[in-house]
Amino acid sequence: MTSLFALVDCNNFYASCERAFNPTLNGKPIVVLSNNDGCVIARSGEAKALGIKMGAPYFEVRDLAEKEGVHVFSSNYEFYGDMSRRVALILQEYTPNLEIYSIDESFLDLGNFLHVDLEGYARGIWERVPRTTGIPVAVGVSSTKTLAKVANRLAKKSAKANGVLVLTDPAHIEAALKRTEVGDVWGVGRRYAKKLAQYGIYTAHDLTLKPDSFIKKHMTIVGLRTARELRGEPCIDLEMAPQPKQNICTSRSFGETLTELKDIEEALAAHTVRCATKLRKQQSCCSALTVFLETSRFALSYQMYFNNRTVQLESPTASELVLVPQALEALRAIFRQGFRYKKTGIIVSGIVPANQVQQSLFEPDHRQRDQELMQALDSLRSRYGHRSVFYGVQGTGGKWQMQNSHLSPCYTTRLEDLIRAK
DNA sequence: TCTGGGGTCCTAGGACCC
DNA sequence: TCTGGGGTCCTAGGACCC
């Protein structure tokens, strides 16, 4: 075996974050809701045991939650992001070769650690992260990222593993693959699982036995890569430096149904500002933007309407002074009177590095001035909050604002405020 | 009454070119 | 009956991830 990866995955991450600063929640069922308190996106073990399903609409589980005394939280991404960074800082002490894969998962490349006591190494992480951050984790180790995922999943499920599983012995790997449903493999979703079942493939082990040609035919080369990884052949590298995004999308469902263009314009202007801010943060400009507008997918008694419009920009930009008016113009072009709208958003694409943008010959020379203004705005907003400077068109009514009636206090931000005040 | 918000990659097919 | 043979670029759609 030449390669070795560890996957460290935070247990019930959002629920664990809420618990980390509020020990009275230990042992209690917790759920965290999506934006607008729409559906359940995280559950503590106790909440899972009550039968509350991932992704369930909250209105369907509310009665049960109230009856069982479930602690309910609106999602607080600023807080979870802070906690995620704290966990990553600890993991960085274990290896410089760290890939922060998502808000609650990191891969560690242990390439040359074959000679060390892997069990003890993994157990060390398992013990230290919760002690320092309050967030419990599970650790899976194996020779490919996909197998490390399998190991991690079993580490969580198996009482014997107790949060840590090292899969390096071929017999252990085979046993692990036999008890892993193919749909639970990283890269194999529900659709493929259903299709594979038609061919008698039910477990990860079944998949490894199929010829490459079969897998490629039915699951493209992406699926083939997954199968090879399950066989122990590394195909997916660690990505230590996050690639700049090729598309950036900012959208929200409205807190209530909207019918007036003006209210929707306020929402879209705010989304566009946030989107442009993300664009500048990765030092990019976009060449095109797409605005979309939708009614509810669920309100079947009302007429539905979905539309979008793409605008090619004269030259790549990250300036709100260009993007906001263009987005609003696109919105006005697709807005129709008489529908009950639920969501709008913007996607920017054709993304290029900001330092490679060439100005069009015929364009008035606003670029420099815009850039300086955007820098000033970014700095003000990062210091005083994103609502400290905004455009008139964003309005102050905020009819579109999200409903989140179960928000926890922002513990980490508050902590930093206290430190700053000292 | 009430159903999230981001992203990625691959493939097929059409338009168009020589 | 036969109906060239490549290329490239773009887009829509389908699959996946957290």
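Naming: A, B, ... by sequence-line order, numbering from 1 per chain.
Looking at heavy-atom distances under 4.0 Å, E105(A) makes contact with sugar-phosphate atoms alone, never a base. Within 4.0 Å (heavy atoms only), Q403(A) reaches no atom of the nucleic acid at all. Nucleic acid contact class of V40(A) (heavy atoms, under 4.0 Å, all strands): none. Using a 4.0 Å heavy-atom cutoff across all strands shown, R252(A) reaches sugar-phosphate atoms only and no base atom. Residue contacts shown for Y58(A) are absent, as no nucleic acid heavy atom lies under 4.0 Å away. Heavy atoms of L33(A) sit nowhere under 4.0 angstrom from any nucleic acid atom. Nucleic acid contact class of K149(A) (heavy atoms, under 4.0 Å, all strands): sugar-phosphate only. Residue-level contact check: T250(A) touches the backbone only, with heavy atoms under 4.0 Å from sugar-phosphate atoms and none from bases. Residue K278(A) is in sugar-phosphate contact alone, with no base atom involved, counting any heavy-atom pair closer than 4.0 Å across all strands shown.
With dG7(B), dC17(C), dG5(B) as the candidates, the nucleotide lying closest to the side chain of W186(A) is dC17(C). Out of dC16(C), dT8(B), dT3(B), the shortest distance to the side chain of K245(A) is found at dT8(B). Nearest nucleotide to the side chain of Y192(A), out of dC10(B), dA15(C), dC2(B): dA15(C). Closest contact between the side chain of I221(A) and the listed nucleotides dT11(B), dC16(C), dT3(B) involves dT11(B). For Q246(A), counting side-chain heavy atoms from C-beta on, the closest listed nucleotide (dT1(B), dC16(C), dC9(B)) is dC9(B). Taking the side chain of S34(A) as heavy atoms from C-beta on, and the options dA15(C), dG4(B), dT8(B), the nearest nucleotide is dG4(B). Nearest nucleotide to the C39(A) side chain, out of dG4(B), dT8(B), dG7(B): dG4(B).
Using a distance-only test at 3.5 Å, with no hydrogens or angles considered, no donor-acceptor pair links the side chain of D378(A) to the main chain of Q375(A).
Residue K342(A) has a polar side-chain atom (N or O) positioned under 4.0 Å from OP1 or OP2 of dT3(B). Note on S253(A): a side-chain N or O is less than 4.0 Å away from OP1 or OP2 of dG5(B). Distances shorter than 4.0 Å separate none of the side-chain N or O atoms of Q243(A) from OP1 or OP2 on dT8(B). Within the structure, a side-chain polar atom (N or O) of N247(A) is placed less than 4.0 Å from OP1 or OP2 of dT8(B).
A straight line from CG of L300(A) to P of dT1(B) spans 12 Å, rounded to a whole angstrom. In this entry the distance linking CD1 of I347(A) with C1' of dT11(C) reads 14 Å, nearest Å. Distance W400(A) CH2 to dG4(B) P: 17 Å, rounded to the nearest Å. In this structure, K343(A) places its NZ atom 16 Å from P of dC2(B), rounding to the nearest Å. Counting to the nearest Å, the C1' atom of dC16(C) and the CZ atom of R225(A) are 11 Å from each other. A straight line from CD1 of I236(A) to P of dC16(C) spans 15 Å, rounded to a whole angstrom. A straight line from NZ of K145(A) to P of dT8(B) spans 15 Å, rounded to a whole angstrom. As rounded to whole Å, 18 Å separates atom P of dA15(C) from atom CG of L224(A).
The partner of dC18(B), taking Watson-Crick or G-U wobble pairs whose two distances both stay under 3.5 Å, is dG5(C).
With respect to E105(A) and K149(A), a salt bridge is recorded, a charged nitrogen being found less than 4.0 Å from a carboxylate O. In summary, R280(A) and E320(A) engage in a salt bridge, as defined by a charged side-chain N under 4.0 Å from a carboxylate O.
A side chain to side chain contact (heavy atoms under 4.5 Å, CB included) with D9(A) holds for exactly one of N152(A), V137(A), V139(A); it is N152(A).
Both S296(A) and P244(A) lie close to DNA chain B; mapped to their nearest nucleotides by heavy-atom distance, the more 5′-ward contact belongs to S296(A). For the pair T257(A) and N36(A), nearest-nucleotide mapping onto DNA chain B gives the more 5' position to T257(A).
Y199(A) and H218(A) have tilted rings, their planes meeting at an angle from 30° to 60° on a 0 to 90° scale. In this pair, W400(A) and H271(A) present their aromatic rings perpendicular. The plane angle is above 60°, beyond the 30 to 60° band.
Going from atom CG of L108(A) over to atom CG of L238(A) covers 8.0 Å, rounded to the nearest 0.5 Å.
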